[in-house]
Engineer: 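Structure incoming, see below.
Convention: sequence-line order gives letters A, B, ...; per-chain numbering from 1.
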2 protein chains.
Amino acid sequence: MTSPAVAPPVTHSIADAAARTGVTAHTLRYYERIGLLDVARDPNGRRRYDATDLARVTFLTRLRQSEMPIRDIARYVDLVREGDHTEPQRLAILQAHRDAVVHRIDELTQALAVVDFKITVYGGSTGSIHTLHTESDCT
Amino acid sequence: MTSPAVAPPVTHSIADAAARTGVTAHTLRYYERIGLLDVARDPNGRRRYDATDLARVTFLTRLRQSEMPIRDIARYVDLVREGDHTEPQRLAILQAHRDAVVHRIDELTQALAVVDFKITVYGGSTGSIHTLHTESDCT
DNA sequence: CCTTGACTTCGAGCGCGCTCGAAGTCGTAC
DNA sequence: GTACGACTTCGAGCGCGCTCGAAGTCAAGG
């Protein structure tokens with residue numbers, strides 16, 4: 001009931017890949033240039049993105065969204081290319097990043113509290129319940 | 001039992017202000033240059049930061065930490081200078097910013113989930129409880 | 001044939017938010 | 001006096017992450 005001998009190579013043009021991942025074609029080329037991606041070429045020299053490529057782009061995008069510097073992403077990707085024995089180091093990078101993200105969320109949450117407080121001072125609504133502290137060195 | 005006639009003007013040098021707010025003196029000057037701060041001078045032309053100035057710097061720092069563009073902060077500060085009648089507009093800016101921060105926290109939280117998932121794939125620990133989904137287009 | 005359009009490479013440019021440093025001015029200490 | 005150190009102004013520089021665009025290649029369509 002499964003398909004015949006050879007697997008069909010499902011690949012995508014750069015425009016397609018851009019549409020599917022939500023990053024621009026320019027950025028896809030840029031990522032490749034700086035070594036974050038290794039993309040195959042068709043006989044005419046055009047990029048073909050397979051599922052793995054797209055998955056990587058999506059993952060990169062998550063890392064970027066969470067502010068991992070491109071420098072660090074490049075290190076991670078280099079480790080991936082070096083083979084399975086680098087998994088511990090990759091794990092370490094991800095764990096360090098995890099900690100950074102948690103810290104960043106914390107920072108944002110604190111800033112949010114300050115902004116929310118200011119909003120209530122201005123008499124606006126924030127959608128949250130407040131325990132108001134006093135002290136309003138106003139601005 | 002309270003103090004005599006004139007209030008003592010408690011002000012701080014730029015080095016002091018920098019130490020108290022955690023931003024560099026260079027940055028304090030920069031913020032002033034671009035109009036985020038109005039700082040008094042002593043007879044020798046040196047900056048003196050009062051409590052209000054420090055409070056503003058601290059608030060600015062929160063806005064910056066939460067990624068409000070300097071352009072927007074400048075607009076806000078300009079409104080403050082224009083007087084009380086601009087409070088509705090200030091409120092609007094803060095509310096828009098609040099929404100942006102909430103959205104950003106959300107985004108980070110999603111990215112965190114992805115990173116956490118990857119960490120467990122690598123066999124590491126994240127400190128969180130996971131409901132594992134399958135699908136591992138690995139990298 | 002010629003055009004169109006999607007692609008290629010690669011260097012340059014941009015917007016942001018600082019960050020630095022040169023050159024000058026003070027007040028105090030020795 | 002002179003040396004120090006903390007400050008001043010202001011223009012330039014930097015690191016980051018794209019973003020753009022020029023010039024060229026190629027295949028399909030009319």
Engineer: Please find the pair of heavy atoms, one from Thr86(B) and one from Gly83(B), that lie closest to each other, and give the distance.
Structural biologist: OG1-O, 2.8 Å
Engineer: Measure the distance from CZ on Arg64(B) to P on dT19(C) and round it to the nearest whole Å.
Structural biologist: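 So the CZ-P distance, Arg64(B) to dT19(C), works out to 10 Å.
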Engineer: Please tell me whether Gln65(B) and Arg62(B) have a donor and an acceptor in their side chains that are separated by less than 3.5 angstrom.
Structural biologist: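 Arg62(B) and Gln65(B) do have a side-chain donor-acceptor pair below 3.5 Å.
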Engineer: Just verifying a value: how many Å separate Glu32(A) CD and Ile14(A) CD1, rounded to the nearest 0.5 Å?
Structural biologist: 7.5 Å
Engineer: Mind checking Ala15(B) for me? I need base, sugar-phosphate or nothing, with any heavy atom below 4.0 Å counting as a touch.
Structural biologist: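 Result for Ala15(B) = sugar-phosphate.
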Engineer: Is Arg33(A) side chain donor-acceptor paired with the dG11(C) base, going by distance under 3.5 Å alone?
Structural biologist: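 Pair found.
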Engineer: Once you round it to whole Å, what is the distance between P of dT9(C) and CG of Leu28(A)?
Structural biologist: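 Distance check: Leu28(A) CG to dT9(C) P gives 13 Å.
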Engineer: Please give, in whole Å, the distance from dG5(D) P to Ile14(B) CD1?
Structural biologist: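 Taking CD1 of Ile14(B) and P of dG5(D), I get 19 Å after rounding.
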Engineer: Please check: side-chain N/O of Asp99(B) versus main-chain N/O of Ala96(B), any donor-acceptor pairing under 3.5 Å?
Structural biologist: no
Engineer: Report the nucleotide, chosen from dC18(C), dC7(D), dC18(D), that has the shortest atom-to-atom distance to any side-chain atom of Tyr31(B).
Structural biologist: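 Nearest to the side chain of Tyr31(B) among the choices is dC18(C).
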Engineer: Regarding Arg104(A) and Glu67(B), does a basic nitrogen lie under 4.0 Å from an acidic carboxylate oxygen?
Structural biologist: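 A salt bridge is present here (some side-chain N lies under 4.0 Å from a carboxylate O).
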Engineer: Roughly how many Å is it from CE in Met68(B) to C1' in dC18(C), rounded to a whole number?
Structural biologist: 18 Å
Engineer: So, is Thr27(B) close to the dG17(C) phosphate, meaning a side-chain N or O under 4.0 Å from OP1 or OP2?
Structural biologist: no
Engineer: Ignoring backbone atoms, establish whether Ser13(A) has a side-chain N or O less than 4.0 Å from OP1 or OP2 of dC7(C).
Structural biologist: yes
Engineer: Tell me the interatomic distance from Arg41(B), atom CZ, to dC7(D), atom C1', rounded to whole angstroms.
Structural biologist: 11 Å
Engineer: Does dT9(D) have its OP1 or OP2 closer than 4.0 Å to a side-chain nitrogen or oxygen of Arg47(B)?
Structural biologist: yes
Engineer: Nearest whole angstrom, please: distance from the C1' of dC7(C) to the CG of Asp16(A).
Structural biologist: 14 Å
Engineer: Could you tell me how far apart Glu32(A) (CD) and dC18(D) (C1') are, to the nearest whole angstrom?
Structural biologist: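 My rounded result for the distance is 16 Å.
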Engineer: Counting side-chain heavy atoms from C-beta on, which of dC7(D), dT9(C), dG17(D) comes nearest to Ile70(A)?
Structural biologist: dG17(D)
Engineer: Whole-Å distance between dC18(D) C1' and Ile34(A) CD1?
Structural biologist: 9 Å
Engineer: Between dC26(C), dT9(C), dT8(D), which one does the side chain of Asn44(B) approach most closely?
Structural biologist: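 The nucleotide sitting nearest to the side chain is dC26(C).
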Engineer: Where the side chain of Pro69(B) is defined as all heavy atoms beyond and including C-beta, which of dC7(D), dG17(C), dT8(C) is the nearest nucleotide?
Structural biologist: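 Among dC7(D), dG17(C), dT8(C), the one nearest the side chain of Pro69(B) is dG17(C).
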Engineer: When the nearest nucleotide of DNA chain D is assigned to Tyr30(A) and to Arg46(A) on a heavy-atom basis, which residue is associated with the more 5' position?
Structural biologist: Tyr30(A)
